[in-house]
Novice: 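The following block contains the structure, expressed as structure tokens.
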Amino acid sequence: QVQLVESGGGLVQAGGSLRLSCAASGRTFSNYPMGWFRQAPGKEREFVAAVDWSGGSTNYADFVKGRFAISRDNAKNTVYLEMNSLKPEDTAVYYCAAKTWGFPSRRVGDYGSWGQGTQVTVSS
């Protein structure tokens with residue numbers, strides 16, 4: 001399994017920006033589709049964004065389209081989530097996840113490795 005460690009979360013005012021990073025261990029990181037998910041208190045974990053192994057194909061949840069951008073640097077074994085125009089409803093713990101087969105997915109159950117999460121809090 002790949003080990004994942006997120007960073008970059010914090011407290012930001014509505015309209016602000018944050019950049020999350022997810023550092024991965026393992027020599028085969030560049031083979032893995034990667035995803036970002038989030039979980040707010042009392043809610044289920046939900047899909048945010050995903051990227052294929054090359055970084056050339058991405059997809060997003062409708063509620064982040066035009067505001068968030070996922071990218072990866074395979075030389076650094078790192079995937080990023082650039083978050084702009086943040087809203088209070090974006091407040092959640094954000095997790096990155098690795099899917100060690102196939103294509104990127106929006107389903108939580110398709111991802112086999114997860115980070116510990118990083119808290120993002122957006123104040124109004």
Side-chain angles (χ1 to χ4, degrees):
Q1 279 193 338
V2 62
Q3 305 282 330
L4 303 171
V5 179
E6 301 97 335
S7 61
L11 174 63
V12 64
Q13 288 188 330
S17 299
L18 283 174
R19 188 193 198 201
L20 306 184
S21 298
C22 174
S25 65
R27 293 174 294 174
T28 56
F29 168 79
S30 60
N31 295 339
Y32 302 153
M34 297 293 295
W36 283 98
F37 294 77
R38 70 186 188 185
Q39 189 166 17
K43 294 188 177 181
E44 293 188 350
R45 194 168 297 189
E46 63 180 355
F47 170 77
V48 175
V51 63
D52 73 347
W53 67 272
S54 71
S57 176
T58 58
N59 64 84
Y60 297 92
D62 287 345
F63 54 77
V64 302
K65 280 183 180 177
R67 300 190 299 126
F68 291 10
I70 188 171
S71 62
R72 68 190 296 162
D73 185 338
N74 286 340
K76 295 182 178 180
N77 277 14
T78 303
V79 63
Y80 304 98
L81 185 69
E82 186 75 35
M83 305 187 295
N84 299 307
S85 302
L86 282 162
K87 305 174 182 179
E89 51 263 44
D90 294 319
T91 295
V93 177
Y94 284 71
Y95 299 89
C96 71
K99 184 174 180 285
T100 57
W101 56 274
F103 298 98
S105 167
R106 295 175 172 236
R107 300 197 305 178
V108 171
D110 285 346
Y111 290 78
S113 295
W114 293 83
Q116 83 289 350
T118 186
Q119 177 70 47
V120 171
T121 303
V122 184
S123 63
S124 57

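For the single chain, residues carry numbers from 1 onward in sequence order. Owing to the predicted nature of the structure, the values given are computational and were not obtained by experimental measurement.
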Novice: Stepwise, does the side-chain contact (heavy atoms from CB on, under 4.5 Å) test hold for E6 with Y94?
Specialist: CA-CA 8 Å; E6 301 97 335; Y94 284 71; over 6 Å; no

Novice: First locate atom CG of N77, then atom OG of S30, and finally report the distance between them rounded to the nearest 0.5 Å.
Specialist: 7.5 Å

Novice: If you look at every heavy atom in K65 and Y60, which pair is closest and at what distance?
Specialist: CE-O, 3.6 Å

Novice: Taking only residues two or more places apart in sequence, or in another chain, which ones meet F37 in a ring-ring contact (aromatic ring centres under 6.0 Å, His included)?
Specialist: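 For F37, the residues satisfying ring-ring contact (aromatic ring centres under 6.0 Å, His included) (neighbours in sequence not counted) are F47, Y111, W114.
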
Novice: Taking atom CZ of F103 as the centre, report whether more than 12 heavy atoms of other residues, nucleotides or ligands fall under 6.0 Å from it.
Specialist: no

Novice: Looking at Q13, I want to see if its CD is surrounded by more than 12 non-hydrogen atoms of other residues, nucleotides or ligands under 6.0 Å.
Specialist: no

Novice: Determine whether F63 and W36 fall in the same hydrophobic cluster, where Ile, Leu, Val, Met, Phe, Trp and Tyr are linked whenever their side-chain heavy atoms lie under 4.5 Å apart.
Specialist: yes

Novice: Apply side-chain contact (heavy atoms from CB on, under 4.5 Å) to residues R67 and D90 and explain how you reach the verdict.
Specialist: CA-CA 11 Å; R67 300 190 299 126; D90 294 319; 2.7 Å; yes

Novice: Decide yes or no on side-chain contact (heavy atoms from CB on, under 4.5 Å) for L86 and F68, but give the supporting numbers first.
Specialist: CA-CA 9 Å; L86 282 162; F68 291 10; 3.8 Å; yes

Novice: Treat each ILVMFWY residue as a node, draw an edge where side-chain heavy atoms are under 4.5 Å apart, and state whether I70 and L20 are in one component.
Specialist: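 Per the 4.5 Å side-chain linkage, I70 and L20 are co-clustered.
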
Novice: Determine the minimum heavy-atom distance between P104 and N59, stating which atoms define it.
Specialist: CB-ND2, 4.2 Å

Novice: Can you tell me how far the SG atom of C96 sits from the CZ atom of R72, to the nearest 0.5 Å?
Specialist: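 It is 10.5 Å, given to the nearest 0.5 Å.
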
Novice: Can you tell me how far apart CG (D52) and CE (M34) are? Round to the nearest 0.5 Å.
Specialist: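 D52 atom CG to M34 atom CE measures 12.0 Å (nearest 0.5 Å).
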
Novice: So which heavy atom on A92 is nearest to which on Q39, and how close?
Specialist: CB-O, 3.5 Å

Novice: For T91 and V122, which heavy atoms make the closest approach, and how far apart are they?
Specialist: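 Where T91 meets V122 most closely, the heavy atoms are OG1-N, 2.9 Å.
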
Novice: Taking all heavy atoms of G9 and all of V120, pick out the closest pair and write down the distance.
Specialist: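 Looks like CA-CG2, 4.1 Å.
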
Novice: What's the spacing between L4 CG and Y95 OH if we round to 0.5 Å?
Specialist: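 The OH atom of Y95 is 13.0 Å from CG of L4, to the nearest 0.5 Å.
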
Novice: What distance separates S17 OG from R19 CZ, expressed to the nearest 0.5 Å?
Specialist: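 Rounded to the nearest 0.5 Å, the OG-CZ separation comes to 12.0 Å.
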
Novice: Taking all atoms of both residues into account, what is the closest heavy-atom pair of W53 and N74, and its distance?
Specialist: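 Closest approach of W53 to N74: O-ND2, 3.0 Å.
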
Novice: With rounding to the nearest 0.5 Å, note down the distance linking CD in E46 to CZ in R38.
Specialist: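 One finds 4.5 Å between CD of E46 and CZ of R38.
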
Novice: Is it possible for you to say whether V108 and V51 belong to one hydrophobic cluster, with membership spreading through side-chain heavy-atom contacts below 4.5 Å?
Specialist: no

